[in-house]
Amino acid sequence: MKNIKAVFCLLAVALLGAVVLPSARADTWNKKTVVTFSQAVEVPGKILPAGTYTFQLLDSLSDRHIVQIFNADGSQIIATILAINNYRLEPTGETVMKFGERPGDSPEALRAWFYPGDNFGQEFVYPKVRAIELAQTAKVIVPAVAVDTDDNTIKTVPIVAVTPEQKEVEVTKVIQTTPPAATAPVAVKETEELPQTASSMPLIALLGGLSISLAIGLKLFLKLTS
């Protein structure tokens, strides 16, 4: 009986590892982040009352990201908005970045969202009229769309950039949407050990653990039934 329990324990540990690893990867892919606001905030086309929300990517295209905002437990979608990568926005340790200035007592407008570990921000794309107001008030360039978006147009509507001077320019000319060019590698002496890079070792270890666990389980099972 003890041997049978041991087999089940080994299999349970192996299966737990198989479940946890894909789950962690899923959160990394869709960048699911839970954010709590103590006051109302503005996102493109929506005012979010104070509370807890879940931000995550629905889709990631070459020049734009589609961001979904849910309620705290993720059971209700509140907004679907556009965002673009901005590698000139440096993480500050906060999950979101707000525009520095706002007119009167209006809610603070969110400028970007950072997923922990990323070295760039997901900068929100505002309707053009609102983008002009934010650009003038905060003295920054704001990505914008000239028309309202819906599920049919959100993937194709043109994105522009609005300057504080109300000029409309191409996004890629004023916002760095792609990673900076890699710098030339530093020469390393042959006697020095090169730094280790990320590899598939965790996955290999997991598969190895599964194989060993199954082998031990089979061996015990055959021993009990012989």
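For this chain, numbers begin at 1 and follow the sequence in order.
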Is any side-chain heavy atom of T33 closer than 4.5 Å to one of T54? no
Can you list everything that forms a side-chain contact (heavy atoms from CB on, under 4.5 Å) with P44? Sequence neighbours excluded, please. I81, F124, Y126, P127
Qualifying residues under side-chain contact (heavy atoms from CB on, under 4.5 Å), relative to Q76, sequence neighbours excluded: N71
One should read off an interatomic distance between Q176 CD and N85 CG, to the nearest 0.5 angstrom, of 10.5 Å
Nearest 0.5 Å, please: how far is CG in N119 from CG in L89? 11.0 Å
So, taking the atom named NE2 in H65 and the one named CD1 in I84, what distance separates them when rounded to the nearest 0.5 Å? 10.0 Å
Roughly how far, to the nearest 0.5 Å, is NZ of K98 from CD of E108? 4.0 Å
I69 with I47, same ILVMFWY side-chain cluster at under 4.5 Å: no
Please tell me whether L82 and V147 are part of a single hydrophobic cluster in this structure, the criterion being side-chain heavy atoms less than 4.5 Å apart. yes
Would you indicate whether the side-chain heavy atoms of T95 and F114 approach each other to under 4.5 Å? no
Please enumerate all residues that pass ring-ring contact (aromatic ring centres under 6.0 Å, His included) together with F120, with sequence neighbours excluded. Y87
For A144, the side-chain contact (heavy atoms from CB on, under 4.5 Å) test, sequence neighbours excluded, returns K128, A131, V160, V162
Taking all non-hydrogen atoms of both residues into account, name the closest pair between F37 and L48 and its distance. CE1-CD1, 4.4 Å
Quick one: CD1 on I159 to OG1 on T177, what's the gap to the nearest 0.5 Å? 9.5 Å
Shortest non-hydrogen contact between Q166 and I132, atoms and distance: CG-CG2, 3.8 Å
Hydrophobic cluster membership, with links at side-chain heavy-atom distances under 4.5 Å among I/L/V/M/F/W/Y: are V96 and Y53 in one? yes
Just so I know, are the side chains of Q122 and Y115 near enough to count as touching, which here means a heavy-atom distance under 4.5 Å? no
Correct closest heavy-atom pair for I141 and E123 would be O-OE2, 3.7 Å
Does one hydrophobic cluster hold both V157 and V169, with members joined at side-chain heavy-atom distances below 4.5 Å? yes
I need the K46 NZ to T80 OG1 distance, nearest 0.5 Å. 10.0 Å
If you take all heavy atoms of A161 and V171, which pair is closest and at what distance? N-CG2, 3.8 Å
Write out all pairs satisfying salt bridge (charged side-chain N to carboxylate O under 4.0 Å, His left out) with one or both partners inside residues 76-85, taking only residues at least two apart or from two chains. none
The single option from V142, V67, V145 passing side chain to side chain contact (heavy atoms under 4.5 Å, CB included) against V125: V145
With sequence neighbours excluded, give me every side-chain hydrogen bond (donor to acceptor under 3.5 Å, both in side chains) pair touching residues 34-43. T36-T52, E42-R130
Checking the side chain of R88 only, and the main-chain atoms of V174 only, is there a donor and an acceptor separated by less than 3.5 Å? yes
